[in-house]
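Per chain, numbering begins at 1; letters A, B, ... match sequence-line order. What you see below is based on every heavy atom in this structure, not just the backbone, and it leaves out hydrogens, waters and symmetry mates.
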Amino acid sequence: MSKNTPKAIRGTQDIFGPDAEAFAFVVETFERVRKLYRFRRAEMPVFEKTEVFSRAIGETTDVVSKEMYSFEDRGGDSLTLRPEFTAGIARAYLTNGWQQHAPLKLATHGPLFRYERPQKGRYRQFHQIDAEILGTGEPQADVELLAMADQLLKELGIEGVTLHLNTLGDAESRDAWRAGLIDYFEAVSGELSEDSQERLHKNPLRILDSKDPRDKAFVADAPKIDHFLSEEALAFFESVTSGLDAAGVKWKRAESLVRGLDYYRHTAFEFIPDEGSAAADALGSQSTVLGGGRYDGLMESLGGPATPAVGWAAGIERLAMLVGEKSEGPADAIIVIEDSSDVALVRGYAALKSLRLAGLSGELIAEGSPRKRYDKAVRRSPNAIVSFSENGHRISGDETTHPELERILGL
RNA sequence: GCGAUCGUAGCUCAGUUGGUUAGAGCGCCGGUUUGUGGUACCGGAGGUCGGGGGUUCGAGACCCCUCGAUCGCCCCA
């Protein structure tokens, strides 16, 4: 490689080979499962006005305050490469009048951008699959969404991952809990980690998540959300959990699970690898594989009418790390031209076309030393090899398929 | 933003306390061999050792800067 060749941008990836196959497998499985649950496809722009994200996600969040790819376009507007799906979907819902379809089940996937330090399972351009149910505040929407997530992980063959579930309550419950936590941690603030002293006023809920042993000592006795839950919020959560039980979705209560973005209310959840599992090992410290929750206040922050909604997103790269080796699979047939005659090549082209019209996959090997072409074909391990020379053809591979192949190729 | 480890052919890696012209395997290209066959042998192309500066008679190796990768912290999917 010349030193003149530009390098890829930090934190971006060129995905190829088994990794690309695993990536495609995740997306294809998501597409299949999403149809089973009757979620409709939507495509949103990759960039939006910056305020779409800053207003929806919250100015003080890390995502908005230091991780966005923002730039000014030629017209002087501040635009931002989407750091997540939900805000853009909410904007689309409002600006297109999708209220008429409520409750609306949407699915999408694509690239997201966050200016973070790259790490295992974390990239600056990364990819997510995403599912949302917009315009309904019914707990059955939460159940439906989680049932789909659960089935998706099963269809991907991912094991050792558990649904961790919590409720943040409604806006009042959440605010009361937050105030309670501040009181509690303020009393011992001198003994908390530096990070948590920072978090105390910015985002006290985050302290509950801390990995620092100094914090953990106090987290166990910190006030629990359950004490602050209004009757309605409690009833909502109970109806979600009983729905999950009925739908056969296994879950685990995670009292200290919070979500980083300001818009979450009520249900919050993450699918996390079990400790010591192969999945935990494969993912490293970026362990949440799928996460989301209810965001009843989000639409209002974008100037829309109060519109309840739930959603989740999952990192395609992280899922791909868990699905195991995927390979391309063998070609149905490879056509080899075994000499340099024009006759053989012409017959090869014709055979290739017939093959593909019949719905079989295949390719042609007619380059390089004729003597070595057959070896090349063998190395690709196709189901069959059809070789042409000036005065004939030969088929190798599973003999029972030869008559069928000869019929298709007109031999 | 902070910390640790690491950058040598397309890939995986050797390269001794600093010492001539930097190596191997795989892959690629060609030749011979074989001829229902992932064979064997021979040959070839491909590197300003991530980049820049410094120390030295001499640097792939030592020092500084920089870029990148990997793994943690943070954050999150």
Side-chain angles (χ1 to χ4, degrees), chain A residues 1-13 16-17 26 57 60-68 82-86 109-131 149 161 193-196 198-199 202-203 206-207 209-212 215 257-261 264 269-273 281 283-293 311-322 330 334 336 338 367-382 384-387 389 392-399 402:
Chain A
M1 180 181 59
S2 160
K3 67 178 177 185
N4 232 347
T5 306
K7 290 184 204 144
I9 305 296
R10 170 170 233 192
T12 63
Q13 343 165 56
F16 176 71
V26 170
I57 301 171
T60 61
T61 59
D62 279 21
V63 169
V64 170
S65 64
K66 48 193 192 199
E67 295 174 1
M68 294 206 302
R82 47 142 89 142
E84 58 137 46
F85 278 117
T86 307
H109 67 81
L112 294 308
F113 304 85
R114 247 119 99 162
Y115 191 89
E116 291 188 277
R117 190 77 175 262
Q119 202 178 310
K120 187 174 196 170
R122 190 169 83 182
Y123 306 94
R124 288 186 173 180
Q125 176 178 335
F126 59 106
H127 303 81
Q128 289 184 343
I129 51 180
D130 181 279
V161 170
S193 68
E194 296 74 19
D195 282 331
S196 285
E198 269 290 304
R199 289 189 272 235
K202 229 177 82 183
N203 195 351
R206 277 262 145 236
I207 301 177
D209 258 359
S210 175
K211 290 171 191 161
D212 195 299
D215 300 331
L257 185 149
V258 298
R259 308 240 69 228
L261 312 179
Y264 287 107
F269 53 85
E270 291 179 1
F271 283 80
I272 303 174
D281 220 50
L283 281 173
S285 67
Q286 304 300 307
S287 56
T288 300
V289 91
L290 183 154
W312 57 249
I316 297 177
E317 289 88 348
R318 289 184 191 177
L319 290 171
M321 288 191 274
L322 300 181
I334 288 185
V336 178
E338 286 208 275
E367 287 180 16
S369 163
R371 326 181 81 128
K372 288 186 177 166
R373 290 177 192 169
Y374 197 89
D375 278 354
K376 278 193 204 169
V378 169
R379 248 174 273 144
R380 295 186 198 182
S381 319
I385 298 176
V386 184
S387 45
S389 57
H393 72 270
R394 288 183 310 198
I395 303 184
S396 65
D398 179 1
E399 299 211 345
H402 290 191

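Side-chain atoms of A:Lys211 and base atoms of B:G72 include no donor and acceptor less than 3.5 Å apart. Judged by atom type and distance alone, A:Arg122 reaches the base of B:C75 through a side-chain donor-acceptor pair under 3.5 Å. Judged by distance alone, with hydrogens and angles left aside, A:Arg117 brings no side-chain donor or acceptor close enough to the base of B:C76 to form a pair under 3.5 Å.
Contact detail for A:Ala149 and A:Phe271: the closest heavy-atom pair is CB-CE1, 3.8 Å. Of all heavy-atom pairs between A:Arg82 and A:Gly110, the closest is NH1-C, 3.9 Å. Residues A:Phe269 and A:Leu257 share a closest heavy-atom pair of N-CD2, 4.0 Å. Contact between A:Tyr264 and A:Gly292 at its shortest, heavy atoms only, is CE2-C, 3.6 Å. Closest heavy-atom contact between A:Ile57 and A:Pro83: CD1-CG, 4.1 Å. A:Gln128 approaches A:Ala313 most closely through the heavy-atom pair OE1-CB, 3.2 Å.
Taking every side-chain heavy atom of A:Val378 into account, B:G38 is the closest of B:A77, B:G38, B:C74. Nearest nucleotide to the A:Gln286 side chain, out of B:C75, B:U32, B:G38: B:C75. Relative to the side chain of A:Arg206, the nucleotides B:G72, B:G37, B:C75 differ in distance, and B:C75 lies closest. For A:Phe126, the side-chain atoms get nearest to B:A77 when compared with the rest of B:C74, B:A77, B:G72. Out of B:G35, B:C75, B:U32, the shortest distance to the side chain of A:Lys372 is found at B:U32.
Using a 4.0 Å heavy-atom criterion, one finds that A:Arg373 contacts no nucleic acid atom at all. Among the atoms of the strands shown, base atoms are found under 4.0 Å from some heavy atom of A:Tyr123. Across all strands shown, A:Ser381 has heavy atoms under 4.0 Å from base atoms, whether or not it also approaches the sugar-phosphate. At the heavy-atom level, A:Glu270 lies nowhere under 4.0 Å from the strands shown. Note on A:Gly11: only backbone sugar-phosphate atoms sit closer than 4.0 angstrom, heavy atoms only; bases stay farther off. Using a 4.0 Å heavy-atom cutoff across all strands shown, A:Gly284 reaches sugar-phosphate atoms only and no base atom. At a threshold of 4.0 angstrom between heavy atoms, the contacts of A:Glu367 with the nucleic acid are absent.
Rounded to a whole angstrom, the distance from the P atom of B:C13 to that of B:C67 is 25 Å. Between B:U70 and B:U8, the two P atoms lie 14 Å apart (nearest whole Å). Only the C1' atoms considered, B:U48 is 22 Å distant from B:G44, to the nearest whole Å. Nucleotides B:C26 and B:U20 have their C1' atoms positioned 30 Å apart, rounded to a whole Å. For the C1' atom pair drawn from B:A14 and B:A22, the interatomic distance equals 11 Å after rounding to whole Å. Atom P of B:A59 sits at a distance of 32 Å from the matching atom of B:G3, rounded to the whole Å. Rounded to whole Å, the C1' atom of B:C2 lies 9 Å from the corresponding atom of B:C74. For the C1' atom pair drawn from B:G27 and B:G10, the interatomic distance equals 7 Å after rounding to whole Å.
Under the Watson-Crick or G-U wobble criterion, with both distances below 3.5 Å, B:U34 has no partner in any strand shown. With a 3.5 Å ceiling on both atom-pair distances, the Watson-Crick or G-U wobble partner of B:G7 is B:C67. Pairing partner, B:G23: B:C13, with both Watson-Crick or wobble hydrogen-bond distances short of 3.5 Å. When both distances must be under 3.5 Å, the Watson-Crick or G-U wobble mate of B:C74 does not exist. Using N1 to N3 plus N6-O4 or O6-N4 for Watson-Crick, or N1-O2 and O6-N3 for G-U wobble, each under 3.5 Å, B:U39 pairs with nothing. Judged by Watson-Crick or G-U wobble contacts below 3.5 Å, the nucleotide B:G44 has B:C28 as its partner.
With rounding to whole Å, A:Ile395 atom CD1 is found 16 Å from B:G37 atom P. When the P atom of B:C76 is taken as reference, atom CZ of A:Arg114 falls 8 Å away, rounded to whole Å. If you measure from atom CZ of A:Phe16 to atom C1' of B:C11, you get 12 Å, rounded to the nearest angstrom. Atom P of nucleotide B:C76 and atom CD of A:Gln128 are separated by 13 Å, given to the nearest angstrom. Rounded to whole angstrom, the span from the CZ atom of A:Arg124 across to the C1' atom of B:C76 amounts to 15 Å. If you measure from atom CG of A:Asp375 to atom P of B:G37, you get 12 Å, rounded to the nearest angstrom. If you take CD of A:Glu116 and C1' of B:A77, they are 10 Å apart, rounded to a whole angstrom. Rounded to whole angstrom, the span from the CD1 atom of A:Ile57 across to the C1' atom of B:C75 amounts to 13 Å.
Checking the phosphate oxygens (OP1, OP2) of B:A69, a side-chain nitrogen or oxygen of A:Arg10 falls inside 4.0 Å. Proximity of A:Arg379 to the phosphate of B:C28: a side-chain N or O atom is located under 4.0 Å from OP1 or OP2. Within the structure, a side-chain polar atom (N or O) of A:Ser285 is placed less than 4.0 Å from OP1 or OP2 of B:G72.
The distance from atom CD of A:Glu67 to atom CD of A:Glu116, rounded to the nearest 0.5 Å, is 4.0 Å.
Sequence order on RNA chain B of the closest nucleotides to A:Thr12 and A:Ser387 puts A:Ser387 first from the 5' end. Two residues, A:Pro118 and A:Tyr115, neighbour RNA chain B, and the one matched to the more 5' nucleotide by heavy-atom proximity is A:Tyr115.
Side chains of A:Gln13 and A:Gln125 form no contact here, defined as non-hydrogen atoms less than 4.5 Å apart.
Considering A:Ile334, A:Ile385, A:Val336 as possible partners of A:Val378, the one that fulfils the side chain to side chain contact (heavy atoms under 4.5 Å, CB included) test is A:Ile385.
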